[in-house]
Amino acid sequence: MRLKRNFYTQNALKIAPNLLGKILVRKYPSGKIVKYIITETEAYCGEKDKASHAFKGKTPRTKVMYEEGGLIYTYLVYGMYWMLAIEVNSKNNPEVVFIRCLDGFSGPGKVGKELKIDKSFYGEDLTKSKRIWIEDNLQRQNFTIKKAKRVGVNYAEEYAEKLWRFILVVKPKIWVKTGKKGLKTV
DNA sequence: CCAGTGATCAGG
DNA sequence: CTGATCACTGGA
């Protein structure tokens with residue numbers, strides 16, 4: 001089930017951990033569909049957040065952040081890497097959830113490269129797009145969430161210290177004997 | 001450690 | 001227009 005608008009209009013600190021374990025779907029022009037589990041996210045929380053691009057206010061680059069949640073916010077860094085982020089919260093609340101890692105490979109630069117993200121995805125609506133969207137994962141997930149400082153934002157003073165990065169950690173199961181043959185998890 | 005690479009933004 | 005900066009990666 002594709003996530004609907006009401007998921008994206010929550011605030012970034014709620015959505016960032018809630019996206020872990022969900023499924024990012026990309027459909028290519030050939031019709032090929034690939035799916036990845038979202039395993040690492042970061043929350044960027046509005047104009048007060050010194051680490052956020054929205055800290056400088058509304059500019060041509062950040063204008064999509066001021067729309068209602070559910071749109072893609074993408075931008076190029078270091079002249080090479082397309083970053084994938086999701087604009088969230090209500091109109092004029094420039095909050096974003098940055099997709100830092102997907103299952104199977106690591107690093108936000110690789111995410112953009114793998115999914116062939118480019119400028120044309122700027123403002124793409126995840127609730128309507130035919131080439132990229134996010135689905136709920138119906139299987140109950142056995143994982144915990146590790147919180148950490150965000151990466152690459154040392155300039156952000158007190159906001160560099162915020163634990164607004166969320167990492168999916170697979171939780172190993174413990175198996176115990178029940179009777180002669182049975183096993184169960186605890 | 002550091003280079004690669006180009007959009008973006010503030011300041012003239 | 002200029003120049004610094006950058007939510008990164010890969011290779012000394």
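Each chain gets a letter, A, B and so on, in the order its sequence line appears, and its residues count up from 1.
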- Message: Parallel, tilted or perpendicular, judged at 30° and 60°: which one describes the rings of A:W164 and A:Y159?
- Response: tilted

- Query: A:L76 and A:F98: same hydrophobic cluster, using ILVMFWY side-chain contacts below 4.5 Å?
  - Reply: no

- Co-membership, hydrophobic cluster, residues A:Y155 and A:V96, 4.5 Å side-chain: yes

- Side-chain donor/acceptor of A:Y75 to base of C:dA7, under 3.5 Å: yes

- Task: Given salt bridge (Lys or Arg N to Asp or Glu O under 4.0 Å), test A:E157 with A:K50 step by step and report yes or no.
- Result: CA-CA 7 Å; A:E157 300 170 16; A:K50 289 177 183 166; 2.9 Å; yes

- Query: Using a cut-off of 4.0 Å on non-hydrogen atoms, how would the nucleic acid contact of A:M80 be classed: base, sugar-phosphate, or nothing?
  - Reply: base

- Query: Counting any heavy atom closer than 4.0 Å, what does A:G109 reach on the DNA or RNA strands: base, sugar-phosphate only, or nothing?
  - Reply: sugar-phosphate

Between [X] ([atom1]) and [N] ([atom2]), how many Å, whole number?
X      : N     : atom1 : atom2 : value
A:K162 : C:dA7 : NZ    : P     : 19 Å
A:N154 : C:dC6 : CG    : P     : 10 Å
A:M83  : C:dT9 : CE    : C1'   : 9 Å
A:E40  : C:dC8 : CD    : P     : 11 Å
A:I99  : C:dC8 : CD1   : P     : 14 Å
A:M65  : C:dA7 : CE    : C1'   : 11 Å
A:Y159 : C:dA7 : OH    : C1'   : 17 Å
A:L76  : C:dC8 : CG    : P     : 12 Å

[N] phosphate, OP1 or OP2, under 4.0 Å from [X] side-chain N/O:
X      : N     : value
A:Y155 : C:dA7 : yes
A:K119 : B:dT8 : yes
A:K113 : C:dC8 : no
A:R61  : C:dC6 : no

Residue [X], side-chain atoms from C-beta onward, closest of [options]:
X      : options              : value
A:V153 : C:dA7, C:dT9, B:dA7  : C:dA7
A:F98  : C:dA7, B:dG4, C:dG10 : C:dA7
A:P60  : C:dT9, C:dA7, B:dC9  : B:dC9
A:A85  : C:dA7, C:dC8, B:dA7  : C:dA7

- Task: May I ask you to establish whether A:K110 and A:F105 are in a cation-pi arrangement, using a distance under 6.0 Å from NZ or CZ to the six-membered ring centre and at most 45° from the ring axis?
- Result: no

- Task: Would you mind pulling out the nucleotide paired to B:dT5, Watson-Crick or G-U wobble, both distances under 3.5 Å?
- Result: none

- Message: Applying the side chain to side chain donor-acceptor pair (under 3.5 Å) criterion to A:Y73, which one of A:E67, A:E87, A:H53 satisfies it?
- Response: A:H53

- Query: Does the aromatic ring of A:Y78 sit over the six-membered base ring of B:dG4, closer than 5.5 Å centre to centre and tilted less than 30°?
  - Reply: no

- Query: Which atom names give the shortest non-hydrogen contact between A:K22 and A:I134, and what distance separates them?
  - Reply: CB-CG2, 4.2 Å

- Task: Could I get the full list of side chain to side chain donor-acceptor pair (under 3.5 Å) partners for A:T74, not counting sequence neighbours?
- Result: none

Sort me out a list of protein N/O and nucleotides 10-12 of chain B N/O pairs below 3.5 Å, or just none if empty.
none

- Query: Closer to the 5' end of DNA chain C via nearest nucleotide, is it A:S106 or A:G79?
  - Reply: A:G79

